[in-house]
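Have a look at the structure below before the remarks.
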Amino acid sequence: MPPCSPWYKLLILTTGSTEATGECINLALTRTSSEFDNRLVAESTLTHQDLRTPLLRRSFRKPYPVAVRGEGVYVWDADGKRYLDFSGSAAVNFIGHGVREIADAMLEQARQLEFVHTSQFTTPVAEEFAAELLHFAGEHFRGGAVYFTCGGSESIETALKLARQYQVEIGQPKRYQVVSRNQSYHGSTLGALSVSGNRKRREIYLPMVREFAHVGIPYCYRCDFDCTDGCRNCGQQYAAELERAIEATKGEAAAFIFEPMSGATLGAVPPPPGYLQSIAEICGRHRVLLIADEVMTGMGRTGRNFAVDHWQVAPDILVTAKGLSSGYAPLGAAIVSKRVVDAIATGSGAFLHGFTYNAHPVSVAVGRAVLGRVQSLDLVGAADSNIVGTAGSALKTALESLRDLDVVGDVRGLGLLWGVEFVRDKKTKQPFPPERNFVGLVGQAALLRGLLVYPMQGCVDGVAGDHLLIAPPAVITAEQIGDSVDQLRAAIIESA
Ligand SMILES: Cc1ncc(COP(=O)(O)O)c(C=O)c1O
């Protein structure tokens with residue numbers, strides 16, 4: 001289908017995905033839905049499907065390609081079309097698709113023992129993987145413990161409850177509030193949503209969630225403090241805001257939760273210098289637990305085992321998922337420091353929490369095999385964007401080259417996690433009107449060119465602001481990065 005055909009424009013306008021929910025925000029349909037459906041059947045391999053099927057998909061308005069196979073950095077659809085996975089799905093895949101040894105590990109575990117309930121048994125595979133993961137998380141977690149779940153949101157719920165129980169165990173039952181940041185994303189369950197700051201994803205559920213204080217989040221491209229010292233000062237201003245918020249709880253704050261590098265909502269924004277160290281110091285002084293949400297940034301994605309390692313910050317609880325299994329099985333983890341584990345072990349003696357599928361043997365077998373591969377191929381090293389010759393540095397250089405485009409306002413990130421922010425006016429940084437869904441257009445244009453990216457809106461104020469997240473598997477080559485950025489450039493130009 002020629003990219004400039006009217007049909008193509010219609011498809012774009014009606015399918016622009018804006019964020020991880022994949023939901024359309026711009027429904028510029030002028031036809032009736034039945035007319036539209038007929039055209040879908042007639043026109044494109046992408047759209048040879050009903051929009052309503054027995055599967056409750058993320059959107060009823062957009063057609064989805066049907067994925068059938070993956071290998072390395074590529075995914076194929078049922079029509080044989082190949083896509084380069086330039087966003088690791090949603091910053092999930094780190095080791096590449098279709099790795100046989102991971103499938104073998106799954107099969108072996110499923111044959112040996114598919115499941116037992118954690119109230120009745122522990123398993124060798126869960127015990128061994130917990131020990132390996134603690135080691136991977138570093139010295140600070142020595143003597144700690146790992147709680148395995150089925151993903152990011154469950155792990156965040158686990159961390160919130162751990163923080164509360166810790167405070168009760170040490171004789172601080174008044175402490176229950178969890179302070180978090182605006183423009184953050186911690187998951188879709190109601191507890192995780194309550195500490196998230198992503199306006200669009202929270203809006204309709206607000207009557208159902210418990211609200212605690214949200215504080216400002218450093219965003220150097222649009223710094224509130226208009227500072228000129230590389231945001232050193234503004235980092236301290238934001239840290240001071242956190243301290244004021246903790247003080248305002250009058251001794252009721254149990255924890256502070258943050259993404260060391262802002263993931264989905266802001267689009268791969270690294271923290272300003274000194275900021276994370278200051279918030280860690282403030283939380284320590286106020287006896288507020290520090291929960292680092294590394295669901296997206298953990299397991300090597302930023303070129304360190306965990307992103308907090310860039311800034312030598314030691315959280316009390318570290319949450320991870322996505323890269324933990326690279327998507328081969330549902331898996332998340334709360335990695336818990338000794339201090340928190342000790343409080344429960346020597347206190348009441350039981351963590352009041354549980355999921356049927358926590359520490360699922362097949363999932364943890366996958367996690368073990370994935371970690372083994374990450375280490376044997378040194379994929380954390382490959383992700384390091386500060387070392388010349390790595391995939392991380394090739395990605396950084398290639399994406400930086402997009403800055404010459406009129407609509408590219410900012411390119412930021414670290415390792416293999418990058419954000420490209422689009423603006424209508426580069427000088428004033430004015431965003432596109434949200435209803436234009438500019439990033440959705442870019443995402444669809446890229447998709448049609450066989451390139452998967454992760455488009456989102458709302459980085460400016462929760463509604464306006466268009467950005468793409470780029471997070472390829474660490475096995476991507478410099479050549480594949482170059483080709484992908486060429487395609488992305490063409491998709492951006494086509495959409496502008
Ligand atoms: C930082 C962060 N926390 C939590 C989550 C929720 O994870 P999940 O979708 O696996 O529940 C996400 C998902 O994108 C995330 O990026």
Side-chain angles (χ1 to χ4, degrees), residues 137-141 156 159-160 163 166-167 172 175 177-186 195-197 212-263 265-298 302-319 335 337 339-340 386 412-415 417:
E139 194 52 31
H140 171 68
F141 286 97
I156 294 291
L160 301 180
Y166 165 82
Q167 299 290 2
Q172 296 281 323
R175 292 187 181 268
Q177 298 192 32
V178 180
V179 181
S180 61
R181 304 191 301 176
N182 298 321
Q183 293 283 72
S184 57
Y185 182 64
H186 297 295
V195 294
S196 293
F212 304 123
H214 287 78
V215 296
I217 189 165
Y219 179 14
C220 291
Y221 178 60
R222 298 181 181 277
C223 185
D224 275 355
F225 295 96
D226 197 23
C227 53
T228 49
D229 63 351
C231 282
R232 191 161 286 280
N233 171 52
C234 84
Q236 297 315 305
Q237 304 273 0
Y238 283 108
E241 187 185 341
L242 170 65
E243 182 150 29
R244 289 194 296 277
I246 291 174
E247 283 165 357
T249 69
K250 299 197 176 359
E252 291 186 346
F256 171 61
I257 185 166
F258 69 104
E259 297 162 88
M261 201 169 122
S262 290
T265 307
L266 281 189
V269 175
Y275 166 73
L276 289 188
Q277 291 89 335
S278 294
I279 60 160
E281 186 276 321
I282 289 165
C283 287
R285 195 154 32 79
H286 288 271
R287 298 180 185 181
V288 168
L289 290 189
L290 195 59
I291 304 175
D293 180 350
E294 297 231 25
V295 167
M296 189 176 274
T297 55
T302 69
R304 295 288 182 277
N305 291 5
F306 290 97
V308 286
D309 300 342
H310 286 284
W311 301 282
Q312 292 83 44
V313 164
D316 298 292
I317 303 172
L318 198 162
V319 175
I335 305 172
S337 64
R339 172 158 76 115
V340 176
N386 296 321
R412 67 251 177 167
L414 207 48
L417 185 61

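Shown here for I246 and A253, the closest heavy-atom pair between the two residues is CG2-CB, 4.3 Å. Considering every non-hydrogen atom in both A163 and I317, the closest pair reads N-CD1, 4.3 Å. Here the closest heavy-atom approach between residue C234 and residue F225 is recorded as CB-CD1, 3.6 Å. When every heavy atom of P272 is checked against every heavy atom of G235, the shortest pair comes out as CG-CA, 3.7 Å. In terms of heavy atoms, H186 sits closest to V195 at CD2-O, 3.3 Å. Pairing each heavy atom of R339 with each of Y166, the nearest pair is NH1-OH, 3.0 Å.
Within the 4.5 Å cutoff, the side chain of I291 has no heavy atoms near those of the D316 side chain. Two residues are said to be in side-chain contact when any heavy atoms from C-beta on lie closer than 4.5 Å; L276 and P260 meet this criterion. Looking at W311 and Q277, their side chains come closer than 4.5 Å, going by heavy atoms from C-beta outward. Contact of the T297 side chain with the V308 side chain is not registered, since no non-hydrogen atoms from C-beta on lie closer than 4.5 Å. When side chains are defined from C-beta on, L290 does not count as touching I257, because their heavy atoms never get closer than 4.5 Å. No side-chain heavy atom of P218 sits less than 4.5 Å from a side-chain heavy atom of P271. In this structure, E252 and R175 have side chains that are not in contact, with every pair of non-hydrogen atoms separated by 4.5 Å or more. Looking only at side-chain heavy atoms (C-beta outward), V269 and M261 stay at 4.5 Å or farther from each other.
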Checklist entry - After noting the C-alpha distance and the side-chain angles of Q167 and R287, does the key distance pass the side-chain contact (heavy atoms from CB on, under 4.5 Å) rule? => result CA-CA 9 Å; Q167 299 290 2; R287 298 180 185 181; 5.7 Å; no
Next on the checklist: Using the rule given for side chain to side chain donor-acceptor pair (under 3.5 Å), can you reason through N182 versus H214, listing the C-alpha separation, both sets of side-chain angles and the distance that settles it, and then say yes or no?
Outcome noted: CA-CA 6 Å; N182 298 321; H214 287 78; 5.0 Å; no
Checklist entry - Going through the checks in order, is the side chain to side chain donor-acceptor pair (under 3.5 Å) test met by T302 and H310? => result CA-CA 9 Å; T302 69; H310 286 284; 3.0 Å; yes
Item to check | Verdict with supporting geometry, S262 and I217, side-chain contact (heavy atoms from CB on, under 4.5 Å) | outcome: CA-CA 9 Å; S262 290; I217 189 165; 3.4 Å; yes
Next on the checklist: Test side-chain contact (heavy atoms from CB on, under 4.5 Å) on Y238 and V215; report intermediate values, then the result.
Outcome noted: CA-CA 8 Å; Y238 283 108; V215 296; over 6 Å; no
Checklist entry - Passes side-chain contact (heavy atoms from CB on, under 4.5 Å), M296 versus L417? Steps please. => result CA-CA 9 Å; M296 189 176 274; L417 185 61; 4.1 Å; yes
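Ion pairing between a basic and an acidic side chain is recognised when a charged N comes within 4.0 Å of a carboxylate O; R285 and E243 show such pairing.
Rounded to the nearest 0.5 angstrom, L318 CG and S337 OG are separated by 10.0 Å.
Between F258 and F256, the two ring planes are parallel [angle under 30°; tilted spans 30° to 60°].
For the residue pair Q236 and S278, a side-chain donor N or O sits within less than 3.5 Å of a side-chain acceptor on the partner.
Side chain of R304 to backbone of G298: no donor-acceptor contact under 3.5 angstrom is found. Formation of a donor-acceptor pair under 3.5 Å by the E259 side chain with backbone atoms of E294 is not found in this model.
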